[in-house]
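Okay, so here's the structure we're looking at.
So you know, we letter chains A, B, ... as the sequences are listed, proteins then strands, and number each from 1. Basis for what follows: all heavy atoms, side chains included, without hydrogens, waters or symmetry-related copies.
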Amino acid sequence: MTVNVKFFASMRETLGQSELRIDIDTDTEQTVAGVWAQVAGEKPMPDNTVCAVNHTQATPESVVKDGDEVAFFPPVTGG
Amino acid sequence: MTVNVKFFASMRETLGQSELRIDIDTDTEQTVAGVWAQVAGEKPMPDNTVCAVNHTQATPESVVKDGDEVAFFPPVTGG
Amino acid sequence: MAVIICEAAFDPWQAVQNHQNSQLADGQYGATATFVGTMRDFNEGDDVCAMTLEHYPGMTEAQLEQIIDEAKNSWPLQDALVVHRVGEILPGEPIVLVACWSAHRAAAFDACRFLMEALKSRAPFWKKETLTDNSQRWVEKNTDGYSH
Amino acid sequence: MAVIICEAAFDPWQAVQNHQNSQLADGQYGATATFVGTMRDFNEGDDVCAMTLEHYPGMTEAQLEQIIDEAKNSWPLQDALVVHRVGEILPGEPIVLVACWSAHRAAAFDACRFLMEALKSRAPFWKKETLTDNSQRWVEKNTDGYSH
């Protein structure tokens, strides 16, 4: 399956990329944490990372399906 | 002593006057209630009457001095 | 800090803008909370076509300034503005504007709310409504902002 | 109900006026509460000369609409407007506007406060400050409106 991955703000700068498309073995059920491992390699997910799947806030355990958009970003600071 | 008396809103309409100047025997210490009695005669002060002396909220027992402005009005309804 | 009693219709957003431009320095305030009360064409189940607002010249201004002083003593305000209409008012016209400027939003929100509640319970203004059958009635009691 | 993400400087009072003129009927609302957050030229003791606001196109709008839906379900609102700036911002420029219209002031005040707090804790926006020595830093944590 194919997943679109996005990074924002300080996380985008730390990882040096804002968006990428990855292919994942379709036989395995995938989680947000699994997507992180595939794109960030050895780098552990920072404690305060916020995750979203298809524009809805998610957790590292949330399941990811083919075509989903997964995003990682730091705590929000708008307003 | 001379006291300036004012009425506002429904109280002004009920008493049929908005402002008058009254002279009070200076030998007597006068109160807001005494001023009311002098201008309204037998008519008792309505329970919810608000009184003010020189633009500051007062009570019927508040003392009135020569030259003071005493006002009577119903509960406020602005804003 | 300013208190304005206004005999003609006023534009509250223009009033905020004007006050901000003339009284506040750019970059010094972070939070502005405002409240505008506007005349509705209904009240207590009846259709209202006009309203007359009476005040007590002198005492009304003094009370509003007193209320603003209390707010300044309770919160770190940079500025506050109160504009209140008097005279003949038509539905859709603004009655009151309260605006508070502070560095932080909690102070701006809390002070704005305090000023409105204090104004409604303590500032000498009285409303007389004209209903569609041309009868008039004095509004007897202000609604409680916390329960309505 | 409207959510606007804005890449250029905006005038919040004009935005409130425009929304009111195009979306609300005169005489139908009695209470309007607004909050405007403006960029200050200081933060955490340092002089800030510019700011960049990043957002997550798509998710930001969805989150703001979700927050407005929650407010509509909690209070009798006639309308609500949220405008949020993104991109390069200079001190004195507005960052965010929240406006709520209701028949009663408690609902307008409470909903406006709720929308601001929810926006600050849940809407995907990130601030990066440029200090006067030209260094940049990401703002790490939003202030708590209730304690600051």
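- Close approach to chain A, defined as a heavy atom under 4.5 Å from one of its heavy atoms, is seen in no residue of residues 66-80 of chain D.
- In this structure the side chain of D:Leu97 reaches within 4.5 angstrom of the side chain of D:Leu81, judged on heavy atoms.
- Residue pairs meeting the salt bridge (charged side-chain N to carboxylate O under 4.0 Å, His left out) criterion with at least one partner in residues 37-57 of chain A, sequence neighbours excluded, do not occur; the list is empty.
- At a threshold of 4.5 Å between non-hydrogen side-chain atoms, the residues D:Phe35 and D:Leu119 do not count as touching.
- Around CD of D:Glu140, the count of heavy atoms belonging to other residues, nucleotides or ligands within 6.0 Å does not exceed 12.
- Distance check: D:Arg105 CZ to D:Thr32 OG1 gives 13.5 Å after rounding to the nearest 0.5 Å.
- The candidate with the highest count of non-hydrogen atom pairs below 4.5 Å against chain A, out of D:Ser121, D:Pro124, D:Gly37, D:Gly58, is D:Gly58.
- Within residues 68-79 of chain A, the residues having any heavy atom less than 4.5 Å from a heavy atom of chain D are, in residue-number order, A:Glu69, A:Ala71, A:Phe73, A:Pro74, A:Pro75, A:Val76, A:Thr77, A:Gly78, A:Gly79.
- Using a 4.5 Å heavy-atom threshold, the side chains of A:Val32 and A:Thr59 count as separate.
- Residues A:Glu29 and A:Val63 have side chains in contact (heavy-atom distance under 4.5 Å, counting atoms from C-beta outward).
- In this structure, CG on A:Asn4 lies 10.0 Å from CG on A:Asn54, to the nearest 0.5 angstrom.
- The existence of a salt bridge linking D:Glu93 and D:Arg85 is confirmed by a sub-4.0 Å separation between a basic side-chain nitrogen and an acidic carboxylate oxygen.
- Going from atom CE of D:Met39 over to atom NZ of D:Lys127 covers 9.0 Å, rounded to the nearest 0.5 Å.
- Within residues 14-23 of chain A, no residue has any heavy atom less than 4.5 Å from a heavy atom of chain D.
- In this structure, the ring of A:Phe8 has its center no less than 6.0 angstrom from the ring center of D:His55.
- Annotation: the span from A:Thr49 atom OG1 to A:Phe7 atom CZ amounts to 10.0 Å, rounded to 0.5 Å.
- Under 4.0 Å is where a charged nitrogen must lie from a carboxylate oxygen, and between D:Glu88 and D:Lys128 no such pair does.
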